[in-house]
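Encoded as structure tokens, the structure appears first; notes follow it.
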There are 2 protein chains.
Amino acid sequence: MYEKKIPKSFECGMAVLMEIIGGKWKSYMVFLIHKGVRRPSELQRAVPSASRRVLNLQLRELEFHGIVKRVIYPEAPPRVEYFLTEFGTSLMPVVTAMDNWGTGYLGAFKALMEKKQAPAPAAAMQ
Amino acid sequence: MYEKKIPKSFECGMAVLMEIIGGKWKSYMVFLIHKGVRRPSELQRAVPSASRRVLNLQLRELEFHGIVKRVIYPEAPPRVEYFLTEFGTSLMPVVTAMDNWGTGYLGAFKALMEKKQAPAPAAAMQ
DNA sequence: TCGGATAGGGAAAATTTTTTCCCTGTGTCA
DNA sequence: TGACACAGGGAAAAAATTTTCCCTATCCGA
């Protein structure tokens, strides 16, 4: 993948979880696969802002950790599907809790971001 | 902080949560502060592998998002303490769920990591 | 036969995050 | 007075992650 120069320490579970679903699009893909989006091309269309390359890389990492299973159908135009493993499914409550919390904060968060973007609104108007 | 060139999209709650506690040490600091480790120097001693600089930066971001409150005591040698806000406390169940899941996987995870480190054990022995 | 869909890898560039190094101050203890 | 504790910032380097670009191969339909 890439040889790390700074060794990571995995003393707390957080660090482990982050290693597994901390990638930019990983948790979203776990979501999508759970929802039934299985084929690589479908996933790519579902996350158009992600580069095709990284989706592949991160799917492979999820597979490496046993979160998803990659099934190759020996068909004419090659077909591949990803499925959550039982282990991967055990992640769903966690991922769902994370998403719910984030969604709850979403409104305030966006307001905060806009305030950050426009730091001096007083003089800007009229 | 740093001007991003690639705009982030926060359509799903996951992305929001990641923005807030996705930093390398952020979730751990939320933990520690919740446990009662309050002062910057204490936090730095608790996470010696993190650079002092990043801990400060990430604490400020947590403060910016309203997760922690920074209290400065106007004392002789300056003293600062961080506290979880009520909002920050609402993160605890999520962070705890994340940590628990990761801890449950820890054993298998370490085994996997070691296997990755030593890819060809057969020829190496004797 | 050409174009597009399928699936994917390699290399290098760009971007983002984290670290390292050096700097400011005040106060306490020896 | 010198060393160390406290708290922290700026700049640049290093590290890590993600994107971009180009490549292979097969099959289907026009």
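Numbered from 1 within each chain, the chains take letters A, B, ... in sequence-line order.
Atom pair A/E63:CD and C/dA7:C1' shows a separation of 14 Å (rounding to whole Å applied). Spacing between atom NZ of A/K24 and atom C1' of D/dT20 amounts to 13 Å, rounded to whole angstrom units. Rounded to an integer number of Å, the gap from B/Q58 CD to C/dT16 C1' is 13 Å. Rounded to whole Å, the distance from CG on B/L55 to C1' on C/dT18 is 11 Å. The CE-P distance, from B/M18 to C/dT16, rounds to 18 Å in whole Å. In this structure, A/Y73 places its OH atom 19 Å from C1' of C/dA5, rounding to the nearest Å.
In the helix from C/dT1-D/dA30 to C/dA30-D/dT1, the rotation axis of the first five pairs and that of the last five pairs differ in direction by 10°, rounded to 10 degrees.
Residue A/E86 places its CD atom among 12 or fewer non-hydrogen atoms of other residues, nucleotides or ligands, all under 6.0 Å distant.
Between B/F87 and A/W101, a ring centre-to-centre spacing shorter than 6.0 Å is recorded.
Counting non-hydrogen atoms under 4.0 angstrom, A/K8 reaches the backbone sugars and phosphates but no base.
With A/Y82 as the aromatic partner, A/R38 does not meet the cation-pi criteria of under 6.0 angstrom to the ring centre and within 45 degrees of the ring axis.
For the pair B/K4 and C/dT17, the criterion of a side-chain N or O lying under 4.0 Å from OP1 or OP2 is met.
In this structure the side chain of A/L59 reaches within 4.5 angstrom of the side chain of A/I33, judged on heavy atoms.
One finds no salt bridge joining A/K69 and A/E63 here, because no Lys/Arg side-chain nitrogen approaches an Asp/Glu carboxylate oxygen to under 4.0 Å.
The minimum heavy-atom distance linking B/S27 with A/M14 is given by the pair OG-CE, 3.2 Å.
At least one donor-acceptor pair under 3.5 Å links the side chain of A/E42 to the backbone N or O of A/R39. For the pair A/Q58 (side chain) and A/W25 (backbone), a donor-acceptor distance under 3.5 Å is present.
A residue-by-residue look at A/A50 and A/I6 shows that A/I6 has its nearest nucleotide of DNA chain D further toward the 5' end.
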Legend entry - Under 4.0 Å protein heavy-atom contact, by nucleotide of nucleotides 5-11 of chain D - B base, S sugar-phosphate only: -SSBBBB
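One finds the CG atom of B/L43 at 6.0 Å from the CG atom of B/L32 (value rounded to the nearest 0.5 Å).
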